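Input: a single structure, listed below in structure tokens.
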Amino acid sequence: MADEWTLMVLDEKIARRNGVPPKIPVPKDEMAGMADDGMSASKVRDWITRFMTHYGDGVRKSDQDLAKRLDAYVGKQDAWKKAQEAIAKHDLPKAISSLKMVVAVDRDDHVARLNLASALAASGDAKTAAGHLDAIRVTFEGDPEYHVIVGQVRLSQQDREGAIGEMVLALEAQPDHQGAMDVLKQLGVLAAIYEDPLDATSLTYVRTDSMLDWLKGLWVEKKTSAEWLRLIAYHAMEGRHGAVALAAERALATCTDDERPNFVLAQLRALREGGNPTAALAHADEAIAAHPSPGLHVERTRALEALGRNDEARAALDAALALDPGDLEALDLAYLPRDRTDLASIGKSLPALQAHVEKHPTSAGAHRTLARAQLLIGAAEDALVTFAKAVELAPDDDDLRSEQWTELIRAQQAQLVVDAAAKITDLGKRSWKLRWNEAEAMLVLGRGNEAYAAFAAINADESLLVDVRRRAKRAAEAARGGEKK
């Protein structure tokens, strides 16, 4: 070896991970500057080119494998550059073509094969991608990014267990790897849970099959009824019936008599929706015996229907409407078909529903249900008139008003929403849904800056669930770009 050169020796696995030869010729007078300047691909190419120009014949005779690796490194650089440019431009076919050329020149460039596998998987060629990934496993074993890519390919091949195994390996290498946790969440192995639904930083991942045990340990401290209701609303929104039932059970142990009805209803609904209508019915009967309410009779109706006891269900429904002729769930079950696309059935039910409204002219719920039915058959103008009557009867019902405003926007009457919002002096303290409607109406009217400010204010409201605030943030960004969310 000439005195002015030295061979820098790398671990074989590290060399393949970085796509460089295991021995790199470095001019001795440049060794000192490597700590500060690093070792770029262009610099390594220059060193190898200069070295092989002067000493290539001797290296090819004394170490054919090294000579082959050095020649391959120089020979692939143009293709590597084209591949990187194509990746930057999201040009998948060109990236695949260029990476194939790199791999053809240097089979030991495992980072190129990893990139090629990712591109092939993205193009839909999972089989070829899997072949490359298997070939470089010895090099990348233990690297979380590698295992996530392999897992995603396994998933695309309908190999669920294989995908789970790779994600587990990724988490063993890096316990907080977001990509692996997201895939396991997608597969139902992990559940993404906010310990505090108002705190975005409280997100954690829990094994789905041990979620309830985890929540039992988490929910040991005393909470206010408002906190329990917030947790119930959050987990119900996520479809976690077991968590809702647990939260309701914990709340019932400490709540006041006035607060009990809400938690009892939440518990019954969670039991029924969780697949246990028998238990829901037993709890409903017990609760009704103590304090009958429309909601309890509705839950009893649903439990009886789930058990096929339809005659008893109808009697329970009549009992709910006798207590409150405007109960929305009871009216829905009584007068609207389960199949909302069955226009003939909806049309047949309208006269009976109309008669119920006429019998109870001061019931906002009855008018609201009629408006919904009118929308289903395409009578939008009639529905808006009926919604207006319902709002007139219950002006403080923000959920009702929000539904009305949503339909006004759909009917291209956004200005009416903005005008109505301007008349509510305490809109900032009312339901976020009303504020959302106002923002959407402004967006429809081309008042993007005002819409952005309104959505941003919802995003900044820390009294709202994290998911609502995040949705508002996306809507604000869309409003800034002039798009409608």
Side-chain angles (χ1 to χ4, degrees), residues 236 239 265 268-269 272-273 275 277-278 280-281 284-285 288 292-395 397-413 416-417 433 437:
L265 279 175
L268 294 179
R269 188 172 290 114
R272 174 179 54 79
E273 293 179 346
T278 300
L281 180 60
D285 288 340
I288 288 172
S293 72
L296 289 174
H297 282 294
V298 167
E299 279 305 316
R300 188 169 187 273
T301 299
R302 292 187 182 277
L304 287 165
E305 284 187 346
L307 294 169
R309 295 159 60 177
N310 294 327
D311 290 342
E312 294 174 79
R314 181 66 219 194
L317 192 56
D318 290 341
L321 289 172
L323 290 173
D324 180 3
D327 186 271
L328 293 175
E329 286 191 79
L331 288 166
D332 188 284
L333 290 171
Y335 294 107
L336 297 180
R338 302 296 190 269
D339 181 4
R340 295 298 196 260
T341 65
D342 186 355
L343 298 183
S345 294
I346 296 170
K348 290 178 181 178
S349 69
L350 272 178
L353 178 55
Q354 181 71 55
H356 181 87
V357 172
E358 291 172 358
K359 186 177 179 180
H360 305 282
T362 61
S363 170
H367 283 85
R368 186 176 181 180
T369 303
L370 176 60
R372 290 175 175 177
Q374 290 168 331
L375 284 174
L376 289 173
I377 63 170
E381 291 185 9
D382 291 340
L384 291 178
V385 172
T386 308
F387 268 127
K389 178 61 177 178
V391 171
E392 180 184 331
L393 291 169
D397 187 335
D398 286 353
D399 192 59
L400 164 61
R401 188 181 292 271
S402 175
E403 187 173 352
Q404 179 208 25
W405 285 4
T406 297
E407 297 307 326
L408 284 170
I409 293 170
R410 286 177 181 167
Q412 300 182 358
Q413 298 184 38
L416 292 179
V417 173
K433 293 181 181 180
N437 290 138

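The residues of the chain are indexed from 1 along the displayed sequence. Just so it is clear, the model here is predicted, and its values are computed rather than measured.
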task: Work out which heavy atom in A383 is nearest to a heavy atom in A371; give both atom names and the distance.
output: CB-O, 3.5 Å
message: How long is the straight-line distance from CG of L416 back to CH2 of W405, given to the nearest 0.5 Å?
response: 11.0 Å
query: Considering only heavy atoms from C-beta outward, does the side chain of T369 approach that of D332 to under 4.5 Å?
result: no
- request: Please round to the nearest 0.5 Å and tell me the distance separating atom CG of L296 and atom CG of L265.
  value: 5.0 Å
- prompt: Roughly how far, to the nearest 0.5 Å, is CG of L353 from CD of E358?
  reply: 10.0 Å
- prompt: Do R372 and L328 pass the side chain to side chain contact (heavy atoms under 4.5 Å, CB included) test, and can you show the C-alpha distance, the side-chain angles, and the key distance before you say yes or no?
  reply: CA-CA 11 Å; R372 290 175 175 177; L328 293 175; 4.2 Å; yes
- line: Output for pair (L331 CG, L370 CG), nearest 0.5 Å, gives 10.0 Å
- prompt: Does S349 reach the main-chain N or O of Y335 with its side chain, forming a donor-acceptor pair under 3.5 Å?
  reply: yes
message: In the structure I gave you, are the side-chain heavy atoms of L393 and S363 within less than 4.5 Å of one another anywhere?
response: no
- request: List the atom of L350, the atom of A373, and the distance in Å for their closest heavy-atom pair.
  value: CD2-CB, 3.6 Å
task: Mind listing the closest non-hydrogen atom pair of P395 and R401 along with its distance?
output: O-NH2, 3.1 Å
Salt-bridge criterion met for E273 and R302 (N-O under 4.0 Å): no
- prompt: Between L304 and A316, what is the shortest heavy-atom contact and its length?
  reply: CD1-CB, 4.2 Å
query: Would a 4.5 Å heavy-atom cut-off, applied to side chains only, mark Q374 and V385 as touching?
result: no
query: With sequence neighbours excluded, what pairs up with R314 under the side chain to side chain contact (heavy atoms under 4.5 Å, CB included) test?
result: L317, D318, A334
message: Using the rule given for side chain to side chain contact (heavy atoms under 4.5 Å, CB included), can you reason through D397 versus R368, listing the C-alpha separation, both sets of side-chain angles and the distance that settles it, and then say yes or no?
response: CA-CA 11 Å; D397 187 335; R368 186 176 181 180; 4.0 Å; yes
- prompt: Does the side chain to side chain contact (heavy atoms under 4.5 Å, CB included) test come out yes or no for R309 and L281, once each step is laid out?
  reply: CA-CA 11 Å; R309 295 159 60 177; L281 180 60; 3.5 Å; yes
- prompt: So which heavy atom on V357 is nearest to which on A366, and how close?
  reply: CG2-O, 3.5 Å
field: N437 and T406 side chains, donor-acceptor separation under 3.5 Å
entry: yes
- prompt: Given K433 and D398, is the side chain to side chain contact (heavy atoms under 4.5 Å, CB included) satisfied, shown in steps?
  reply: CA-CA 8 Å; K433 293 181 181 180; D398 286 353; over 6 Å; no
- prompt: Atom CZ in R300, atom NE2 in H297: separation rounded to 0.5 Å?
  reply: 8.0 Å
- prompt: Do E407 and Q404 touch side chain to side chain, with heavy atoms closer than 4.5 Å?
  reply: no
message: For L384 versus A411, what's the shortest heavy-atom pair and its separation?
response: CD1-CB, 3.8 Å
- prompt: In Å and rounded to the nearest 0.5 Å, what is the CG to NE2 distance from L321 to H356?
  reply: 5.5 Å
